[in-house]
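Numbers restart at 1 for each chain; the letters A, B, ... are given by sequence-line order, proteins then strands. Just so we're clear, the structure is a prediction, and the values are computed from it rather than from any experiment. Keep in mind that the numbers below use all heavy atoms, side chains included, and drop hydrogens, waters and symmetry copies.
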Amino acid sequence: MSDQNSLLNEVTGRDYRFGFVTDIETEVIPKGLNEEVIRLISAKKEEPEFMLEFRLKAFKKWQTMKMPEWAQLKIPEIDYQDIIYYAAPKQQPKYESLDEVDPELLSTFAKLGIPLEEQKMLAGVAVDAVMDSVSVKTTFKENLAELGIIFCSFSEAVKHHPDLVQKYLGMVVPPGDNFFAALNCAVFSDGSFVYIPKGVRCPMELSTYFRINAKNTGQFERTLIIADNDSYVSYLEGCTAPMRDENQLHAAVVEIVALDRAEVKYSTVQNWYPGNKEGVGGIYNFVTKRGLCKGESSRIYWNQVETGSAITWKYPSCILAGDNSVAEFNSVALTNNFQQADTGTKMIHLGKNTRSTIVSKGISAGHSSNAYRGLVRVAAKAENARNYSQCDSLLLGDHCGAHTFPYLEVGNQSSIVEHEATTSKIGEDQIFYCNQRGISTQDAIGMIVNGYAREVINKLPMEFAVEAQKLLQISLEGSVG
Amino acid sequence: MLIIKDLHAKVEGKEILRGINLTINAGEVHAIMGPNGSGKSTLANVLAGNTSFEVTKGEVTFNGRDLLAMPADVRAKEGLFLSFQYPVEIPGVSMINFLKTAVNESRKYHQLKELSAGDFLKLMREKKELVQIDSQLTNRSVNEGFSGGEKKKNEIFQMAMLEPKLAILDETDSGLDIDALRIVANGVNLLKRPENATIVVTHYQRLLDYIVPDVVHVLYKGQIVKTAGKDLVLELEEKGYDWIKKELGE
Ligand SMILES: Nc1ncnc2c1ncn2[C@@H]1O[C@H](COP(=O)(O)OP(=O)(O)O)[C@@H](O)[C@H]1O
Ligand SMILES: [Mg+2]
């Protein structure tokens with residue numbers, strides 16, 4: 001009976017959504033950004049007053065801010081008045097069949113071993129309704145609901161859990177934090193919301209894959225994860241498949257709050273379109289990700305493997321406020337062709353006995369540029385704080401660049417901060433050794449690079465790790481003759 | 001099996017091999033000896049297809065096919081194996097994963113079914129015994145943190161796994177103590193088949209006490225200056241390489 005009900009809800013809910021989408025699509029919202037547009041966005045989403053205020057405040061801040069400049073990134077001029085800030089989720093498929101899809105995209109799908117039906121969905125091909133495994137998603141949602149876990153789209157959270165949203169939204173990344181975060185706060189369309197109640201260990205990995213509507217969250221995505229006292233959650237962001245996406249600019253914000261003794265593991269595999277081999281096209285990814293270890297002995301882990309985007313600007317960070325809190329940043333960032341990445345992390349130690357670890361593995365190939373920028377700050381009151389940072393760079397070929405910028409600000413004598421950095425080239429002798437055992441150069445490079453990234457890949461949940469390995473290999477295809 | 005004709009090769013603009021001629025038949029063991037720097041490793045690398053070395057002249061046929069036209073990985077899959085003088089470390093790549101890839105790539109090349117994980121592990125256990133290699137070593141990353149002797153043992157273990165037609169052992173004896181030397185030599189002898197051949201490169205006679213060669217060559221300044229039976233090993237041991245130099249009128 002309950003099965004039938006939820007199935008029914010699912011189906012009727014979906015129909016409603018389609019209707020809703022059709023409705024808003026008939027209204028045209030002009031390009032450009034002003035207060036009027038923001039009011040319109042908020043009204044369309046039927047948001048409560050506090051959300052509108054939040055957006056407007058952020059917009060005022062944003063108007064006074066300038067797009068930052070970085071030494072290691074060359075960013076073409078972006079015209080912020082040339083963007084449509086409210087695009088309703090497009091449900092209409094772009095293609096009728098896979099035959100119409102870019103063959104290069106399809107070959108990547110095939111190499112990743114993505115099932116045919118899923119390929120269609122990712123490429124924007126019309127799919128059968130049957131395929132959208134309703135029952136799996138329903139069971140999943142029911143299991144979570146029994147434990148009191150909230151996992152839904154951000155819009156749903158605003159509607160059904162406004163108190164939680166109001167309390168935590170902007171707590172970790174305030175509206176005026178930086179240019180892109182301010183823009184996101186003003187115009188964000190949707191995203192994910194997670195709340196894990198006190199004492200609950202979330203029994204499965206929460207993946208955006210299971211959140212209905214996840215596919216079209218647009219270019220200004222917003223994620224908020226709250227782990228209450230003594231809870232645990234592992235969250236997976238992304239998808240190894242390169243998704244069709246016409247938005248060039250992406251400016252997402254992710255906020256994590258870990259309360260007393262809570263533990264949050266946030267894993268990302270990012271593979272957005274990096275542009276072609278000549279460096280034309282590709283996504284600009286300017287994302288602000290930050291976790292707050294608010295409670296004592298709380299833990300936040302950022303694990304990421306990034307191979308996509310034309311330009312990446314990203315520093316998943318942690319504020320270690322609670323005493324005895326622990327934070328980790330484990331990252332593999334691969335750049336090829338003309339990709340540019342300026343990534344890293346910030347670890348801000350405020351509480352006593354706080355510990356942070358940074359493991360950053362950069363891989364550069366082609367004409368790409370890969371920079372690590374990391375800040376470790378220990379406040380005066382953060383007694384016995386410890387940080388260990390390890391930043392390795394691996395170069396393939398002679399035309400790419402790797403740079404490391406570690407910044408240390410230590411305001412407490414009892415703290416220990418260690419930093420190690422290495423730069424190495426992929427060895428011709430290593431490749432030849434593999435060749436001599438019958439392994440092709442292409443496979444050898446994939447193998448050596450995966451070996452180099454092993455430490456980080458091992459931190460990813462199992463299925464993600466397997467996909468990440470394939471991804472590293474595919475991303476380097478053709479990079480060494 | 002292997003026919004080398006007037007082979008010349010350069011590295012960084014310097015000519016190292018200056019006209020090598022050599023024929024090796026199935027079932028034979030050839031020793032290539034010679035003082036340090038005479039070009040032994042260069043020859044081994046050129047045969048294996050290391051592109052840091054440039055072949056400037058000559059031809060090599062391997063089982064009737066043009067060896068020099070094949071890329072290194074194809075030569076390996078065709079059954080040519082090089083036990084490296086200095087095996088490299090590949091951090092983070094497990095021995096098991098490395099060898100499984102190697103074995104299966106070769107099987108695919110020969111249109112055989114890939115080995116399942118179970119069958120592969122079984123094969124590995126079998127071959128480990130042959131060269132008495134410690135399980136701990138095969139659980140680590142490729143050569144990472146291995147001692148000199150362990151690296152050499154690991155080379156022979158890989159050879160056992162890949163069952164090559166032609167094995168070139170480049171100074172496999174260096175870094176081995178006498179017990180390890182015996183084990184390695186024993187392993188090589190057990191792998192000998194009438195249809196296979198072995199080239200043992202060394203500048204000591206030690207290893208050749210255990211792996212008895214059919215033919216012995218002396219390589220000097222990039223040329224084979226002397227070829228004889230296994231007794232040449234003893235003669236060289238007795239008189240040293242100076243004797244060769246004198247014979248050559250140097
Ligand atoms: N990669 C290299 N770059 C420059 N010179 C090299 C290289 N490899 C070998 N050589 C030179 O080639 C000559 C022969 O070396 P090698 O073949 O290693 O001799 P052997 O193995 O007989 O001791 C030596 O003079 C050595 O210095
Ligand atoms: Mg040598």
**Item:** Heavy-atom proximity to chain A below 4.5 Å, by part of B:L99
**Value:** neither
**Minimal non-hydrogen separation, B:V93 against A:M447, with atom names** = CG2-O, 3.2 Å
**Contacting region of B:Y86 [heavy-atom separation from chain A under 4.5 Å]** = neither
**Prompt:** Do other residues, nucleotides or ligands put more than 12 heavy atoms under 6.0 Å from the CZ atom of A:R355?
**Reply:** no
**Asked** Within a radius of less than 6.0 Å around NZ of B:K122, do more than 12 heavy atoms belonging to other residues, nucleotides or ligands occur?
**Response** no
**Complete:** Whatever's closer than 4.5 Å to a heavy atom in chain B on A:N458 counts as neither
**Prompt:** Between A:R437 and B:A76, which heavy-atom pair has the shortest distance, and what is it?
**Reply:** C-CB, 4.0 Å
**Fill in**
Whatever's closer than 4.5 Å to a heavy atom in chain A on B:E89 counts as backbone
**Request:** Give a yes or no answer on whether the side chain of A:Q436 reaches the backbone of B:A72 with a donor-acceptor pair at less than 3.5 Å.
**Result:** no
**Asked** Between B:K77, B:Q158, B:E78, which has the largest tally of heavy atom pairs under 4.5 Å with chain A?
**Response** B:Q158
**Message:** Under 6.0 Å between ring centres: does that hold for B:F53 and A:F432?
**Reply:** no
**Message:** Could you check whether any side-chain heavy atom of A:Q430 comes within less than 4.5 Å of a side-chain heavy atom of B:P91, counting everything from C-beta outward?
**Reply:** yes
**Prompt:** Would the number of heavy atoms belonging to other residues, nucleotides or ligands and lying under 6.0 Å from NZ of A:K265 be above 12?
**Reply:** no
**Prompt:** Based on non-hydrogen pairs under 4.5 Å, which of B:N143, B:V103, B:V142, B:T51 is most in contact with chain A?
**Reply:** B:N143
**Message:** Report which part of B:P71 has an atom under 4.5 Å of a heavy atom belonging to chain A: side chain, backbone, both, or neither.
**Reply:** neither
**Asked** So which of B:S141, B:S106, B:A102 has the largest heavy-atom pair count under 4.5 angstrom toward chain A?
**Response** B:A102
**Prompt:** Under a 4.5 Å heavy-atom cut-off, does chain A meet the side chain of B:L82, its backbone, both or neither?
**Reply:** both
**Asked** Where on A:Y452 is there a heavy atom nearer than 4.5 Å to chain B: the side chain, the backbone, both, or neither?
**Response** backbone
**Prompt:** In terms of heavy-atom contacts, does CD of B:E195 have more than 12 from other residues, nucleotides or ligands at under 6.0 Å?
**Reply:** yes
